[in-house]
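Presented below is the structure to which this report refers.
Protein chains get the first letters and strands the later ones, always in sequence-line order, with residue 1 at the start of each.
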Amino acid sequence: MPLRVKVRSFLRNLFLSRRVETDLDQEVHSHLEMLIAENIRAGMPPHEAQRAARIELGGIEQVKEQVREEGIGNWLHSVLSDCRYGFRQLRKNPGATAVMVFTLALAIGATTAIFSVVYGVLLRPLPYTDSNRIMAVFEVNSKRTWSRLADPNFDDFRDQSRSFQAIAKYNDYVVSVSGASQPTRTSVAHVSPDFLKVFGIQPILGRNFSAGDAKKGAGPTALVSNGYWRQDLGSPRDLSQSHLKIDGAVFSVIGVLPAGFRFPADVDLWVPADLDGENPSRTSHNYDAVGRLRDGVTVEQANGDISAIAQRIHDTSSEQGDYLLKDGIVVPLQDSITGKARPALFVLLGAVGFLLLVACANVANLLLAQASVRDRELAIRSALGAARGRLIRQFLTEAFLLSLVGGGLGLRGASRSVFQYLCSRSCFPPRSPPASERSPPHARLPGTCARASRKAGADKRVRKAPSALAGLSWRRKSRSHWFSWSEPDCSGAA
Amino acid sequence: MSPEPTSLLQGTLDLLILKSLIAGEMHGLGISRRIQQITGGTFVVKPGSLFPALHRMEEEGWISAFWGESENNRRAKYYRLSKAGLKQLEVETKRWGRVSWAIAQALEAS
């Protein structure tokens, strides 16, 4: 109950300040009158009674001011007036203000841009259940080069290793697909049956691939992404009539994946790999591989396991040469995608951190220069009774206003370009929640300055990321994972 | 002869106001006079301390205020003890008991 009373008093002091003031005024005056009446009753002449009462009261305005100081929420009034003065002060020096705002906007924008990349790419986990247990598996040849897996080698890894709950191979191509609303060039992944098990997901409609679907000569089947099902197939509940002609062959659609799942990046259709039979060569590196570690198995143990199998293959294979695997390696899927970009990203982050420091120093210098001109104002204010803390707060408020405006300005330009960017691309892979795919990011921008600036940065990030950073990825695939990975973050971050 | 008025000790004003309101609702002057009376004239509360304290205690929810008619038909702001205020009075009474006991002990020590 006392909490409710406090909140009520706070709101009353804030919004009904005029009424509170009149109330206080009346109370003090009625007190004074009662004192006078008391004195008259005690036998004083009216004039004397009034004088004595005023002496006892000690000054109407002083009493009122003492009461005001005790009021809950009165600090808010002083903060507001600080803001008002601060704003005036900034408006008085438009040139300096513009320079400071621009400097801050630039530095905060750059820093948050890089931080957003670092966060989206390195820090934020992949959006799958226990995503830290999902590993990528590679062959390592005698020159210590990592490569994708050849079919028989993958089969050996799958059959002989004890470290994985599920392990699957995949690759993807862009092919012609017809049979849906209109013919398209669509990204199709060829996957082995355990693919979804690795990511811990199930179709939301229909069924997953069975072992039979992946057998050589089985009737072609396909899983579709949620977005494809909705937009190109028209969301049918009954999939039995849905057939797609993929690269000349007719596939039956058997299931729909949950919204947001798109791995590898941008894929809309998943079909079983090797319907025409596997490639028997141990040096044709056609597939990437992902596996989910068994509970309790560490990455090191899995590495030892895969290494041993790889060495066995190396020792017994007839296909000796530079392209035959000599070893195998298991790395967390996330690391495999970020790869060598990691140190580079941290260096960039450090660099923009310094940029921010430089900007802060510059702004501080400008503020100092301004403050030296304001000696007179400060002298007058302290002569009128402003406490030291109050004056300091005034300067802090001004600095805060500056950074608020700086961050806000960056946001304005950024939100528009993020919107355009999102409109120009409609697909987002592994980590994007579906709702964020097509909604402009500023629709849910948080209000704080820091976050605003982060968002502002997000824009620059998505523009720079593909060009500047894609090259850092050690994967040689033509499509950059950066592109797909950093993007959802700009829409769904925070 | 009443003793020389003493300035209030830190923290005792709330206790005295709460205690004086036990007798019933009262306006500011009434509370001030009541305190003077129950302390035998030792404590005189100036409006400059009384009103800030009253308003603070009202915001804390210990007392509630309303406008009423004074004994000689003047409009006056009255204060009344709330449930939370009653509880607060107990708390403050206990604390004061401890403090005064401790001071007495300290003074008796040789």
>> Between B:F51 and A:L24, is the side-chain contact (heavy atoms from CB on, under 4.5 Å) condition met? List the steps.
In response: CA-CA 9 Å; B:F51 284 113; A:L24 178 59; 5.5 Å; no
> Mind checking whether B:R56 and A:V67 have side chains closer than 4.5 Å, heavy atoms only?
Replying inline: no
>> Closer than 4.0 angstrom, basic N to acidic O: yes or no for A:E38 and B:R33?
In response: yes
>> More than 12 heavy atoms of other residues, nucleotides or ligands under 6.0 Å from OH of A:Y85: yes or no?
In response: no
>> What I want to find out is whether A:E56 reaches B:K46 closely enough, with some N-O distance under 4.0 Å, to be called a salt bridge.
In response: no
>> Apply side-chain contact (heavy atoms from CB on, under 4.5 Å) to residues A:F10 and B:E59 and explain how you reach the verdict.
In response: CA-CA 8 Å; A:F10 177 76; B:E59 287 176 353; over 6 Å; no
>> If you count heavy atoms of other groups shown closer than 6.0 angstrom to CZ of A:R51, is the number above 12?
In response: no
>> Would you say NZ of B:K19 has more than 12 non-hydrogen atoms from neighbouring residues, nucleotides or ligands within 6.0 angstrom?
In response: no
> What closest approach, in Å, do B:R75 and A:S30 show between heavy atoms, and which atom pair accounts for it?
Replying inline: O-CB, 3.2 Å
> Looking only at heavy atoms, what is the nearest atom pair of A:M34 and B:L29, with distance?
Replying inline: CB-CD2, 3.6 Å
>> Looking at every non-hydrogen atom in both residues, tell me the closest pair between B:W67 and A:E27 and how far apart they are.
In response: CH2-N, 3.6 Å
> chain A heavy atoms under 4.5 Å from B:R74: which part of the residue, side chain, backbone, both or neither?
Replying inline: side chain
